[in-house]
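Below is one structure, written out as structure tokens; comments come after it.
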Amino acid sequence: MESFGVPPAPVAAPEKRKKPLDLKDPVPAAAAAAANGGGATKASPAAKWAEKKKLVGGDAGYVLEDVPHLTDYLPQLPTYPNPLQDNPAYSVVKQYFVNPDDTVTQKIVVHKTSARGTHFRRAGPRQRVYFQPDEVNAAIVTCGGLCPGLNTVIRELVCGLYDMYGVTSVVGIEGGYKGFYSKNTVALTPRSVNGIHKRGGTVLGTSRGGHDTAKIVDCLQDRGINQVYIIGGDGTQKGASVIYEEVRRRGLKCAVVGVPKTIDNDIAVIDKSFGFDTAVEEAQRAINAAHVEAESAENGIGVVKLMGRNSGFIAMYATLASRDVDCCLIPESPFYLEGKGGLLEFVERRLKDNGHMVIVVAEGAGQDLIAKSMNSVDTQDASGNKLLLDVGLWLSQKIKDHFKKKPRFPITLKYIDPTYMIRAVSSNASDNVYCTLLAHSALHGAMAGYTGFIVAPVNGRHAYIPFYRITEKQNKVVITDRMWARVLCSTNQPCFLSHEDVENMKHDDDEHHLHNTLLLDSPENSSK
Ligand SMILES: Nc1ncnc2c1ncn2[C@@H]1O[C@H](COP(=O)(O)OP(=O)(O)O)[C@@H](O)[C@H]1O
Ligand SMILES: O=P(O)(O)OC[C@H]1O[C@](O)(COP(=O)(O)O)[C@@H](O)[C@@H]1O
Ligand SMILES: [Mg+2]
């Protein structure tokens, strides 16, 4: 493996390779710290964090939150013309390469007086690359839970590297992070991956736990891997971030690239994660079944539990798409069962009015209520994620118990748990296209020497986003936004909040908004 043994340069060093035409100098760390919450001292985590940022300021509050480049710590790296310019498929493309100054804005709704705010580097092929085709040894790994589209991303990374850049050495790491140090690699060629996009799961296998940074980077070094594509969710990208730090500390020429995966759509900043659309579509089948069962019985109730550990996006979108749902419960919106305005009162009323009803519940909803009533012990999976109690079963039992006390009000309740069925399927057409673009954006970035980033669309344009931006917080449904109001409108369910709760939430959101404004972020991305 090529290692120049160059000691790491200060992270906030200005980009030596080229200077964007119309951008001012990097924002000093102190200013970044102020933007990061105001008044942070040097020793605070916010200041440390700010020092790591590669910020470039411009006019009218423009900030580019740039991603690292191999030349930040290996300044002497040679560059080469991009082989894409000789690719017949691209010969009719008007503009082959992305303009080096192109950036993607995070804030899309603006006013006359708005600051221009945070921007990310636009993804896409660059005029110069930092790898020769025969020099590349790429590795691909999938980590965390399954998600429709994993195989498509793998396929398109392999085919893109071969077909667009003439790379001929791509390996797969089997079984997630632990596969780096406990298994042999598997060779991936366009032939071996042809057709895998039609299958659910991941041909490479996946796992939770087992992240050992030193062992993983030893493996990269020993095997001479100089591009690593890490496909996974928030946990995986936290792991990818520390792999990048270690690669950089060791001065290795190895691009570390994250492709965000999460069926829960809980990754911040990005428009949407791949596989989410497929999961929502698949969830419709369960909701339809629940509706048919409920409609066909006297006081029929269908309860459907959908994935969503901390974020209720699948439940929210599946509810809006279906229109057959009478009540949608998500982790972000607390609810209660008994008494006036409670869920049981609502169920009774809806049954009296309509004769049947469908409840969609995200798996992370109501966990505090269940814990209170069950004396549960906190347990975690191998990655440290909290193991949830089964809200679907608990809720079904609570409803049954309630109506048992009312013999003149017989109900029929069917509980449907399609949990793994919505994520074990292959990706639908639009997710397949999305996965292809993600893979291409990822490999263009690596070939161009960028590292320490994830790739994803922001307001419809693919961008390179530094790891810290997506690992610092999760994307959640904001229940004070209009999207959740649309759900409440479509179901006519109670919002379960007192006037005081609503005021407090609005206040919290104002503070959140203020914080984001200081960060030059836009809160409107939070509940996409
Ligand atoms: N904070 C962390 N630092 C390093 N590795 C992590 C961290 N959190 C999770 N991981 C690793 O990332 C992988 C996937 O994490 P997990 O939370 O299971 O799924 P996901 O990436 O889908 O969120 C696991 O192998 C786990 O060990
Ligand atoms: O049973 P598993 O494999 O741990 O997966 C269950 C969890 O995976 C998820 O689908 C998503 O988790 P990740 O995105 O972290 O992989 C959760 O909604 C769900 O709780
Ligand atoms: Mg996760």
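Whatever order the structure lists them in is the order used to number ligands and atoms, beginning at 1.
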Under a 4.0 Å N-O cut-off, is there an ion pair linking [X] with [Y]?
X	Y	answer
Asp390	Lys305	yes
Asp266	Arg309	no
Glu245	Arg249	no
Lys54	Glu65	no

> Do any heavy atoms of Gly308 fall under 4.0 Å from ligand 2?
Replying inline: yes

> Would you call Gly233 a ligand 2 contact, heavy-atom distance under 4.0 Å?
Replying inline: no

Just to confirm my output: which protein heavy-atom neighbour is closest to [atom], and how far is it?
atom	answer
atom 16 (O) of ligand 2	Gly145 N, 2.8 Å
atom 11 (C) of ligand 2	Asp264 OD2, 3.5 Å
atom 3 (O) of ligand 2	Arg423 NH2, 2.8 Å

> Which protein N, O or S atoms sit under 2.8 Å from the Mg ion (ligand 3)?
Replying inline: Asp234 OD1

With heavy-atom distances below 4.0 Å as the criterion, list the atoms of ligand 2 near [X].
X	answer
Glu363	17 (C), 18 (O), 19 (C), 20 (O)
Tyr420	1 (O), 2 (P)
Ile263	10 (O)

Report every pair formed by an N or O atom of ligand 1 and a protein N or O atom separated by less than 3.5 Å, giving atom names and the distance to 0.1 Å.
{"unit_1": "ligand 1", "atom_1": "10 (N)", "unit_2": "Gly235", "atom_2": "O", "d": "3.3"}
{"unit_1": "ligand 1", "atom_1": "12 (O)", "unit_2": "Gly235", "atom_2": "O", "d": "3.4"}
{"unit_1": "ligand 1", "atom_1": "12 (O)", "unit_2": "Thr236", "atom_2": "N", "d": "3.4"}
{"unit_1": "ligand 1", "atom_1": "15 (O)", "unit_2": "Ser383", "atom_2": "OG", "d": "3.4"}
{"unit_1": "ligand 1", "atom_1": "17 (O)", "unit_2": "Asn385", "atom_2": "ND2", "d": "3.0"}
{"unit_1": "ligand 1", "atom_1": "18 (O)", "unit_2": "Arg208", "atom_2": "NH1", "d": "2.7"}
{"unit_1": "ligand 1", "atom_1": "18 (O)", "unit_2": "Ser383", "atom_2": "OG", "d": "2.6"}
{"unit_1": "ligand 1", "atom_1": "19 (O)", "unit_2": "Arg208", "atom_2": "NH1", "d": "3.2"}
{"unit_1": "ligand 1", "atom_1": "21 (O)", "unit_2": "Gly233", "atom_2": "N", "d": "3.0"}
{"unit_1": "ligand 1", "atom_1": "21 (O)", "unit_2": "Thr236", "atom_2": "N", "d": "2.8"}
{"unit_1": "ligand 1", "atom_1": "21 (O)", "unit_2": "Thr236", "atom_2": "OG1", "d": "2.4"}
{"unit_1": "ligand 1", "atom_1": "22 (O)", "unit_2": "Gly233", "atom_2": "N", "d": "3.4"}
{"unit_1": "ligand 1", "atom_1": "22 (O)", "unit_2": "Lys261", "atom_2": "NZ", "d": "2.8"}
{"unit_1": "ligand 1", "atom_1": "23 (O)", "unit_2": "Asp234", "atom_2": "N", "d": "3.4"}
{"unit_1": "ligand 1", "atom_1": "23 (O)", "unit_2": "Asp234", "atom_2": "OD1", "d": "2.6"}
{"unit_1": "ligand 1", "atom_1": "23 (O)", "unit_2": "Gly235", "atom_2": "N", "d": "3.0"}
{"unit_1": "ligand 1", "atom_1": "25 (O)", "unit_2": "Gly209", "atom_2": "N", "d": "3.4"}
{"unit_1": "ligand 1", "atom_1": "25 (O)", "unit_2": "Gly209", "atom_2": "O", "d": "2.6"}
{"unit_1": "ligand 1", "atom_1": "27 (O)", "unit_2": "Gly209", "atom_2": "N", "d": "3.4"}
{"unit_1": "ligand 1", "atom_1": "27 (O)", "unit_2": "Gly209", "atom_2": "O", "d": "3.4"}

>> Regarding Asn288 and Gln284, do their side chains bring together a donor and an acceptor under 3.5 Å, going by distance alone?
In response: no

>> Distance alone, cut at 3.5 Å: any donor-acceptor contact between the side chains of Asp271 and Tyr434?
In response: no

> Would you find a donor on one side and an acceptor on the other, under 3.5 Å apart, between the side chain of Asn226 and the backbone of Asn137?
Replying inline: yes

>> Is the terminal nitrogen or CZ of Lys253 (NZ for Lys, CZ for Arg) located under 6.0 angstrom from the six-membered ring centre of Tyr73 and within 45° of that ring's axis?
In response: no

>> Pair Ser441, His462 - check side-chain hydrogen bond (donor to acceptor under 3.5 Å, both in side chains), show working.
In response: CA-CA 7 Å; Ser441 298; His462 280 231; 3.0 Å; yes

> Excluding sequence neighbours, so at least two apart, what forms salt bridge (charged side-chain N to carboxylate O under 4.0 Å, His left out) with Asp324?
Replying inline: none

> Can Lys183 and Ile173 be said to form a side-chain contact (heavy atoms from CB on, under 4.5 Å), step by step?
Replying inline: CA-CA 8 Å; Lys183 293 197 172 169; Ile173 307 294; over 6 Å; no

State whether the shortest distance between N or O atoms of [X] and N or O atoms of ligand 2 falls below 3.5 angstrom.
X	value
Asp381	no
Gly144	no
Lys261	yes

Please verify the inter-ring angle class for [X] with [Y]; under 30° counts as parallel, over 60° as perpendicular, anything in between as tilted.
X	Y	result
Tyr464	Tyr450	tilted
Phe467	Tyr244	tilted
Tyr317	Phe313	tilted

Listed pairs under 3.5 Å, donor-acceptor, residues 234-242 side chains, sequence neighbours left out:
{"unit_1": "Asp234", "atom_1": "OD2", "unit_2": "Gln474", "atom_2": "NE2", "d": "3.0"}
{"unit_1": "Thr236", "atom_1": "OG1", "unit_2": "Gly233", "atom_2": "N", "d": "3.4"}
{"unit_1": "Gln237", "atom_1": "NE2", "unit_2": "Ile230", "atom_2": "O", "d": "3.3"}
{"unit_1": "Gln237", "atom_1": "NE2", "unit_2": "Gly232", "atom_2": "O", "d": "2.8"}
{"unit_1": "Gln237", "atom_1": "NE2", "unit_2": "Val259", "atom_2": "O", "d": "3.3"}

